[in-house]
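Read the structure below first, then the notes.
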Amino acid sequence: QVQLVESGGGLVQAGGSLRLSCAASGTIFSIGNMGWYRQAPGKQRELVATITSGGSTNYEDSVKGRFTISRDNAKKTVYLQMNSLKPEDTAVYYCNARLRPRPWSTDMDYWGQGTQVTVSS
């Protein structure tokens, strides 16, 4: 059983910072891309940032220069450092990982339970 467990959300004032973490656990043979998505009330879930197993990153335009995604492959953990937060960053943030549970498995997408980030003006 694979689980992704997120932590680090909360309430912060505009201009502040938060760091999200997401740790994968369970039977895992390999992990490919990992990423963060977010969903604001009444909106569709959108990509925030992704990172490959080799460390290449991709960001949604509105977070470039403010958010940094990183990962620790040994700990099977992905991070999202969020600086200069704005009220429009308010959303539930979800961790995603494409991984292979066993050598003979196919790659599958797994999701965390979500963590609330609220930025007050």
Side-chain angles (χ1 to χ4, degrees):
Q1 190 85 10
V2 175
Q3 279 191 314
L4 299 182
V5 179
E6 299 140 342
S7 61
L11 173 64
V12 65
Q13 287 189 331
S17 297
L18 284 173
R19 188 188 193 214
L20 305 182
S21 300
C22 172
S25 63
T27 302
I28 299 172
F29 173 70
S30 65
I31 304 177
N33 289 4
M34 302 183 82
W36 290 93
Y37 291 71
R38 66 186 179 186
Q39 187 167 17
K43 295 188 177 181
Q44 290 190 329
R45 189 174 298 189
E46 66 173 2
L47 170 72
V48 176
T50 60
I51 184 168
T52 68
S53 57
S56 296
T57 58
N58 179 58
Y59 296 93
E60 193 268 328
D61 286 345
S62 70
V63 307
K64 286 180 180 176
R66 300 188 298 121
F67 291 10
T68 302
I69 189 171
S70 61
R71 64 190 283 172
D72 184 329
N73 290 330
K75 294 182 178 180
K76 299 175 185 174
T77 299
V78 63
Y79 307 95
L80 185 69
Q81 178 66 44
M82 304 184 293
N83 298 328
S84 302
L85 282 160
K86 304 175 180 180
E88 51 263 43
D89 294 318
T90 296
V92 178
Y93 283 70
Y94 295 92
C95 168
N96 168 266
R98 172 152 287 197
L99 62 87
R100 185 171 298 184
R102 298 182 183 277
W104 56 85
S105 304
T106 56
D107 289 346
M108 297 173 64
D109 276 323
Y110 289 83
W111 293 88
Q113 78 284 358
T115 185
Q116 178 69 46
V117 171
T118 303
V119 184
S120 63
S121 57

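Taking all atoms of both residues into account, the shortest heavy-atom contact from C22 to L4 is SG-CB, 3.9 Å. Between S17 and N83 the shortest heavy-atom distance is OG-OD1, 2.9 Å. Residue A14 comes nearest to S121 through the heavy atom pair CB-CA, 4.4 Å, listed as atom of the first residue, atom of the second, then distance. Considering all non-hydrogen atoms of both residues, N33 and S53 come closest at OD1-N, 4.4 Å. Nearest heavy-atom pair across M82 and V117 is CE-CG2, 3.9 Å.
Linking Ile, Leu, Val, Met, Phe, Trp and Tyr whenever their side-chain heavy atoms come within less than 4.5 Å puts L80 and L85 in one cluster. L11 and V119 sit in two unconnected hydrophobic clusters of ILVMFWY residues. Membership requires side-chain heavy atoms under 4.5 Å apart, directly or through other members. A single hydrophobic cluster is not seen to contain both V92 and V12; linkage of ILVMFWY side chains at heavy-atom distances under 4.5 Å, directly or through other members, places them apart. I51 and Y94 fall into different hydrophobic clusters, where Ile, Leu, Val, Met, Phe, Trp and Tyr residues are linked whenever their side-chain heavy atoms come under 4.5 Å apart, directly or through other members. The same ILVMFWY cluster, assembled from side-chain heavy atoms under 4.5 Å apart, contains both M34 and M108.
I69 has its side chain within reach of T57: a pair of non-hydrogen atoms, C-beta onward, lies under 4.5 Å apart. When side chains are defined from C-beta on, T68 does not count as touching Y79, because their heavy atoms never get closer than 4.5 Å. Side-chain contact between R71 and I31 is present, with heavy atoms from C-beta onward closer than 4.5 Å. Annotation: side chain of S25 is not in contact with side chain of K76 (no heavy-atom distance under 4.5 Å). Between F67 and L18 the shortest side-chain heavy-atom distance does not fall below 4.5 Å. Within the 4.5 Å cutoff, the side chain of E6 has no heavy atoms near those of the L20 side chain. Put simply, the side chain of F29 does not reach to within 4.5 Å of the side chain of P101, judged on heavy atoms. Looking at Q116 and T90, their side chains come closer than 4.5 Å, going by heavy atoms from C-beta outward.
For the atom pair OG1 of T50 and CG of N58, the computed distance is 4.5 Å after rounding to the nearest 0.5 Å. Interatomic distance, CG of L47 versus CH2 of W36, reported as 13.0 Å (0.5 Å rounding).
In this structure, K64 places its NZ atom where more than 12 heavy-atom neighbours from other residues, nucleotides or ligands lie under 6.0 Å away. The 12-atom threshold is exceeded at CD of Q113, counting heavy atoms of other residues, nucleotides or ligands nearer than 6.0 Å.
A donor-acceptor pair is defined here as one N or O able to donate and one able to accept, closer than 3.5 Å; such a pair exists between the side chain of R100 and the backbone of S105. When atom types are taken as modelled, the side chain of E46 and the backbone of R38 share no donor-acceptor pair closer than 3.5 angstrom.
Salt-bridge formation is not detected for the pair D89/K86: no Lys NZ or Arg NE/NH1/NH2 atom is positioned less than 4.0 Å from an Asp or Glu carboxylate oxygen.
Looking only at atom types and distance, the side chain of N96 has no donor-acceptor partner in the side chain of R98 under 3.5 Å away.
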